[in-house]
Amino acid sequence: MTSCPCCKAAVAVPELDDLLASKGIRGIQAALLVAVWKGKGLPVNTERLFDAMYADDPDGGPSPTRMYLALGRAVRALNTQLSDIGISVLRFGRNGGYRLALHP
């Protein structure tokens, strides 16, 4: 059990590090989940997500079009992996970024 990163209430989800390890989440998906988790339920803009996803890339990542495609793929893959434990990454508005959602 851990506390909700949004409201600090007790929730039945593993700690972030345990979640990453138990689900085998690595690479871009892990960076994305960590960045959204740190947003504490508030929207995290796409530029911050891109910075997290491509932090180790000396060129700063691929073209913006490819970054958006990779972001979409990573969000879909994460939501598939996390659906059984009630966690999802949701798009927030047209250009608002993404946020963490915990479902009962």
Side-chain angles (χ1 to χ4, degrees):
M1 210 106 122
T2 186
S3 62
C4 172
C6 310
C7 66
K8 303 296 183 217
V11 291
V13 296
E15 295 287 337
L16 179 58
D17 291 336
D18 295 337
L19 176 63
L20 293 170
S22 69
K23 293 290 186 175
I25 301 171
R26 288 179 245 159
I28 288 176
Q29 292 175 0
L32 173 62
L33 183 58
V34 168
V36 173
W37 194 279
K38 287 180 181 178
K40 299 180 181 180
L42 298 174
V44 178
N45 71 38
T46 53
E47 290 301 317
R48 263 184 55 202
L49 296 176
F50 292 151
D51 288 345
M53 290 167 59
Y54 298 105
D56 294 334
D57 189 323
D59 297 326
S63 70
T65 301
R66 292 195 184 274
M67 282 192 224
Y68 278 102
L69 291 172
L71 176 61
R73 282 192 301 269
V75 167
R76 285 189 298 278
L78 269 175
N79 286 337
T80 299
Q81 287 181 290
L82 301 174
S83 65
D84 63 330
I85 58 171
I87 298 174
S88 60
V89 176
L90 303 175
R91 187 169 180 188
F92 188 81
R94 183 158 163 73
N95 293 316
Y98 290 80
R99 68 178 187 86
L100 181 70
L102 302 177
H103 310 282

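Fair warning: this is a prediction, and the values are worked out from it, not measured in the lab. Hydrogens, waters and symmetry mates play no part in the numbers below; they use all other heavy atoms, side chains included. Residues take their numbers from the sequence shown, with the count starting at 1.
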Please give me the minimum heavy-atom distance between A77 and Q29, naming the atom from each residue. CB-NE2, 2.9 Å

To the nearest 0.5 Å, what is the distance between OH on Y54 and CG on L71? 8.0 Å

Separation between CG (D17) and OG (S22), nearest 0.5 Å, reads 10.5 Å

Given Y98, which partner from the list V44, L49, L32, L90 fulfils the side chain to side chain contact (heavy atoms under 4.5 Å, CB included) test? L49

Beyond-backbone contact of F50 with D57, side-chain heavy atoms, under 4.5 angstrom: no

Residue pair L33 / L82, side-chain heavy-atom distance below 4.5 Å: yes

Check whether any side-chain heavy atom of I85 sits under 4.5 Å from a side-chain heavy atom of L19, and report yes or no. yes

I need the R73 CZ to R66 CZ distance, nearest 0.5 Å. 8.5 Å

About how many Å separate OG of S88 and CG of L100, when rounded to the nearest 0.5 Å? 7.5 Å

Does F92 CZ have over 12 foreign heavy atoms under 6.0 Å away? no

I need the R91 CZ to R99 CZ distance, nearest 0.5 Å. 13.5 Å

CZ of R48 to OG1 of T46: how many Å apart, nearest 0.5 Å? 11.0 Å

If you take all heavy atoms of S83 and T80, which pair is closest and at what distance? OG-O, 3.2 Å

Return the minimal non-hydrogen interatomic distance between A52 and A35, and the atom names on each side. CB-CB, 3.9 Å

Side-chain contact, heavy-atom cut-off 4.5 Å: D84 with K23? yes

